[in-house]
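Following: one structure in C-alpha cells, then a few remarks.
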Amino acid sequence: MKIPLIDVKISDPNMRTEIGSTLSRLIDSTSFIGGEEVNKFSEEFAESCGGGYCAPVGNGTDALILALRALKVGPGDEVITVPYTFIATTEAISVVGATIRFVDIHPKSYNMDVSLLEKAITKKTKAIIPVHLYGQPCDMDPIMDLAKKHKLKVIEDAAQAHGAEYKGRRVGTLGDAGCFSFYPTKNLGGFGDGGAVVSQSKELIEKVNQLANHGRSEHYYHEVEGINSRLDSFQAAVLRIKLRKLDEWTDRRRAIAEQYTKALVQNSFITPPHIESYAKHVFHLFCVESPSRDELMRHLKSKGISCGVYYPLPLHLQPAYAHLGYKKGDFLISERLIERILSIPVSPSLTDTQVEYVCSALHQFSPKTLIK
Ligand SMILES: *Cc1c(COP(=O)(O)O)cnc(C)c1O
C-alpha cells in the first residue's frame, strides 16, 4: 500500500464537475480579478469564521504583512512570536520593518508558551502573533489579557487552522486580525496561492482591502501606497465550492486522528498529540513525538506510508536569521522537538482501510535505538 502524506486531489467527481463548469463560466465572463465570486467568497469565509469581515488577498504571507501594516506595525516596533513555525510568520514582521522577538513553545501544545510571554514584552512591543500550529488553537484568553494590559495588537496566524475553535469560538476573529492561507495543501486550499485577513473590525478590513489593491480609493486615486495582493476570481470560485465541504473534511480529519490516538495507547515509544481542553483541533497535520523518530520514519516509509518533519530547524537557528544573534540553547523546547516530531498522513480522503493500515504500522513499532 502507498499512502501519501498530503493528498490535494479532488476525489469527489461531483465537485470536480462543478469546479469545471464554474471555471468555464468564468472564462466566458472574463471577470478574472475581483467580481462576484471574490465578493461572495469573502462573505462566506467570514461567516465560516463565526462572523466579522474578510479581506481576500494573494496568499497567507501577504495576509500577515497587510494585517501588520493595517495595524500600523512598522519600523521601531517589536513583534513577539514563536521560533517553531513556518518562516512566513516572521518574514511578515521583517517585511514591515519591525523586529522579531521569540518566545518558546509549550512542550505539550507546541504553541506559544503563554507563561513566557509577559517577560518578553518591552516598551517597544507593538504586537503578538500567536500561531495555531498544526490546527490546534493557542491559549487565546491569557494572550488577549496581556495584550489589553500592555496595549498590544494580536494577529492570529491561522494558516493551519481553518475552522479550529477556542472555547467554542472559531479562530481568526479572536484577536485584532486573523490571517489564513489557501495554499493548496492547507485545510482549505485553492488551485494556486490565496489568503485572507479576517476581523471583527470593518474598518481594519477596509484598510487591508485598500492596501492590497494599490492603496486605491478610486481606480486611479491612491489614498496611500499599497501593493498588489488580490485573490483572483478563479481561486475564489474554487474556494467557495470547497468551503462548503470544509466542516465535513474537518470531521474526517478528527476521526482519523482519534483512530491513530487509540492505536497508540499501548505504544510507549510514540506519543500522540496532546489536545488542550479548550481546543477543537482541526489536524492540518497529525504529528506524533518519538524518542526514535528517525527509526519510526524508516519503519513507516518501508511500509509505503509517507511522513514528514515539520519543522527540521527552528527559525532562530536558520541562516536567514543569523543576524538576530540567537544561538543554540536559546529555545530548548523548540530545539528538542525538531528531533522528535513526525507528521503522518491525515488527509480527509484517506480510506478506512488506509487508516487501519497506518494504525497497525504504528501499533507494531518498537525501536532498536533510542535517543534522549
Ligand atoms: C502556510 C503558512 C503561512 C503562509 O501561507 P502562504 O499562503 O504559503 O503564503 C503562514 N504561516 C503558517 C504557519 C503557514 O503554515
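Whatever order the structure lists them in is the order used to number ligands and atoms, beginning at 1.
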Pair [X] + [Y]: basic N to acidic O under 4.0 Å:
X    : Y    : answer
K151 : D176 : no
R170 : E47  : no
D141 : K167 : yes
R240 : E37  : yes
K149 : E118 : yes

Quiz item: Above 12 or not: heavy atoms from other molecules or residues under 6.0 Å from OH of Y166?
Solution: yes
Quiz item: Nearest protein heavy-atom contact for atom 1 (C) of ligand 1: which residue, which atom, what distance?
Solution: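 Atom 1 (C) of ligand 1 sits closest to the protein heavy atom K186 NZ, 1.6 Å.
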Practice problem: Provide, to 0.1 Å, the distance between atom 8 (O) of ligand 1 and the closest protein heavy atom, together with that atom's residue and name. | Solution: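 Sorting protein heavy atoms by distance from atom 8 (O) of ligand 1 puts S181 OG, 4.0 Å first.
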Quiz prompt | ligand 1 contact on D157 by region, counting heavy-atom pairs under 4.0 Å | solution = side chain
Quiz item: Heavy-atom contacts under 4.0 Å between T61 and ligand 1: side chain, backbone, both, or neither?
Solution: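 T61 to ligand 1: contacts from backbone and side chain alike.
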Quiz item: Judging by distance only, is a nitrogen or oxygen of G60 under 3.5 angstrom from one on ligand 1?
Solution: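 In this structure, G60 places an N or O atom under 3.5 Å from an N or O of ligand 1.
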Practice problem: For T85, counting its heavy atoms only, list the atoms of ligand 1 lying under 4.0 Å from any of them. | Solution: 13 (C)
Quiz item: For ligand 1, which atoms have a heavy atom of A88 less than 4.0 angstrom away?
Solution: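 Matching atoms, with element in brackets: 3 (C), 4 (C), 10 (C).
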